[in-house]
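Counting starts at 1 for both ligands and their atoms, following the listed order.
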Amino acid sequence: MIQGCFITLEGGEGTGKSTQAKAIADALEKNGTKVVLTREPGGTPGAETIRELLLTGAEEKWNIRTEALLFAAARAEHCAKLIRPALARGEWVVCDRFIDSSRAYQSVNGEISDAEIMDLHRIGSGNLMPHRTFVLDLPETDALRRAAARDRGESDRIGGRDRDYHRAVMANFRKFAADEPDRIRLIDASQSVEAVTASLVQNLDGLKP
Ligand code: TMP
């Protein structure tokens, strides 16, 4: 039984998701809300092991379908062991990336469809969906600059894909936001960190306290 609220942050590389996930969690905790702050891929020991498998090594290490299955497997573990139990206790969960990342990234080259990715999510995680999702939107040049500063030339297996790939990922996120405006809000991430946090908190409207 789900009693808490499930919030996810999404977007391309270097858009400030991790900083903002922590800022939302802090803002909610200040109001006395119990919050679990987590991330994908990862969030439990088993899922963190899968993260390591996914993000290290050469591009050709995994076929795109294997990659999608591994993300779904990490998510299944995360949902079963951390997210669902927290929601059942009535806590809020703030998660840095979730199913929309699989939809945006793994579908880029067209070898696996959105419907197939959602099938994996149904099988692995019983179709658990966030109550609200924020897509942090940043102009490409700003995102590249921030990601380069963060990674210092050492981007991971997926972050290191070319510009066209990351442009397609961001286009997918924008399309999801247009298709599902109730759940998914597009947030201008080029504002100051504080202004972005304020805009996220404002966009928690309609969710139960
Ligand atoms: P991070 O840099 O936000 O920690 O995310 C790790 C990388 O994994 C990032 O390049 C996005 C990618 N990713 C996917 O391709 N599919 C997914 O389902 C998730 C959760 C992340």
Side-chain angles (χ1 to χ4, degrees), residues 6-24 37-44 46-79 82-83 93-114 116-125 127-130 133-138 140 143-173 176 184 189:
F6 183 24
I7 313 294
T8 59
L9 280 105
E10 299 280 10
E13 319 288 315
T15 51
K17 290 176 310 307
S18 312
T19 307
Q20 292 300 335
K22 174 143 190 357
I24 298 190
L37 176 61
T38 186
R39 70 163 181 184
E40 288 213 343
T44 66
E48 290 288 338
T49 303
I50 299 176
R51 177 186 178 95
E52 184 72 18
L53 291 174
L54 274 162
L55 299 184
T56 59
E59 169 60 30
E60 58 278 10
K61 179 177 176 189
W62 303 115
N63 161 285
I64 190 69
R65 285 181 173 263
T66 317
E67 185 176 295
L69 282 159
L70 285 170
F71 276 113
R75 186 161 301 125
E77 193 66 15
H78 193 203
C79 286
L82 187 77
I83 300 178
V93 175
V94 176
C95 190
D96 180 353
R97 296 194 183 280
F98 193 66
I99 181 63
D100 296 301
S101 276
S102 286
R103 300 175 63 211
Y105 282 79
Q106 275 64 60
S107 70
V108 165
N109 56 18
E111 282 175 43
I112 181 157
S113 71
D114 193 52
E116 288 174 310
I117 290 167
M118 289 309 293
D119 280 345
L120 299 183
H121 189 49
R122 176 178 49 77
I123 295 163
S125 305
N127 256 341
L128 180 67
M129 292 303 283
T133 296
F134 296 116
V135 170
L136 299 190
D137 196 10
L138 202 58
E140 189 182 323
L144 281 170
R145 191 172 27 79
R146 286 203 212 171
R150 181 194 62 184
D151 298 340
R152 295 197 187 95
E154 300 260 324
S155 44
D156 62 46
R157 202 181 136 266
I158 295 180
R161 289 176 183 167
D162 67 18
R163 264 186 193 221
D164 286 349
Y165 180 86
H166 289 289
R167 199 172 291 141
V169 165
M170 210 48 228
N172 283 338
F173 278 129
F176 302 157
I184 308 181

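- With sequence neighbours excluded, the residues satisfying side-chain hydrogen bond (donor to acceptor under 3.5 Å, both in side chains) with Asp114 are Arg103.
- Atom CD of Glu52 has 12 or fewer neighbouring heavy atoms from other residues, nucleotides or ligands inside a 6.0 Å radius.
- Annotation: atom 21 (C) of ligand 1 to nearest protein heavy atom, Phe71 CE2, 3.4 Å.
- Taken from CH2 in Trp62 to CG in Leu54, the straight-line distance is 7.5 Å, to the nearest 0.5 Å.
- Within the 4.0 Å heavy-atom cutoff, Arg75 counts among the residues contacting ligand 1.
- With a heavy-atom cut-off of 4.0 Å, Leu55 touches ligand 1 through its side chain alone.
- With sequence neighbours excluded, the residues satisfying side-chain hydrogen bond (donor to acceptor under 3.5 Å, both in side chains) with Glu67 are Gln106, Arg157, Arg161.
- Those atoms of ligand 1 that come under 4.0 Å of a heavy atom in Gly159, given as number and element, are 10 (O).
- If you check which protein heavy atom lies closest to atom 15 (O) of ligand 1, you get Gln106 NE2, 2.9 Å.
- Ranking protein heavy atoms by distance to atom 5 (O) of ligand 1, first place goes to Arg97 NE, 3.2 Å.
- By the 4.0 Å heavy-atom criterion, Arg51 is counted among the residues contacting ligand 1.
- Across all their heavy atoms, Arg97 and Glu13 have their closest contact at NH2-OE2, 3.8 Å.
- Among all protein heavy atoms, the one lying closest to atom 18 (O) of ligand 1 is Ser102 OG, 2.6 Å.
- Contacts between Glu13 and ligand 1 below 4.0 angstrom, taking non-hydrogen atoms only, involve the side chain exclusively.
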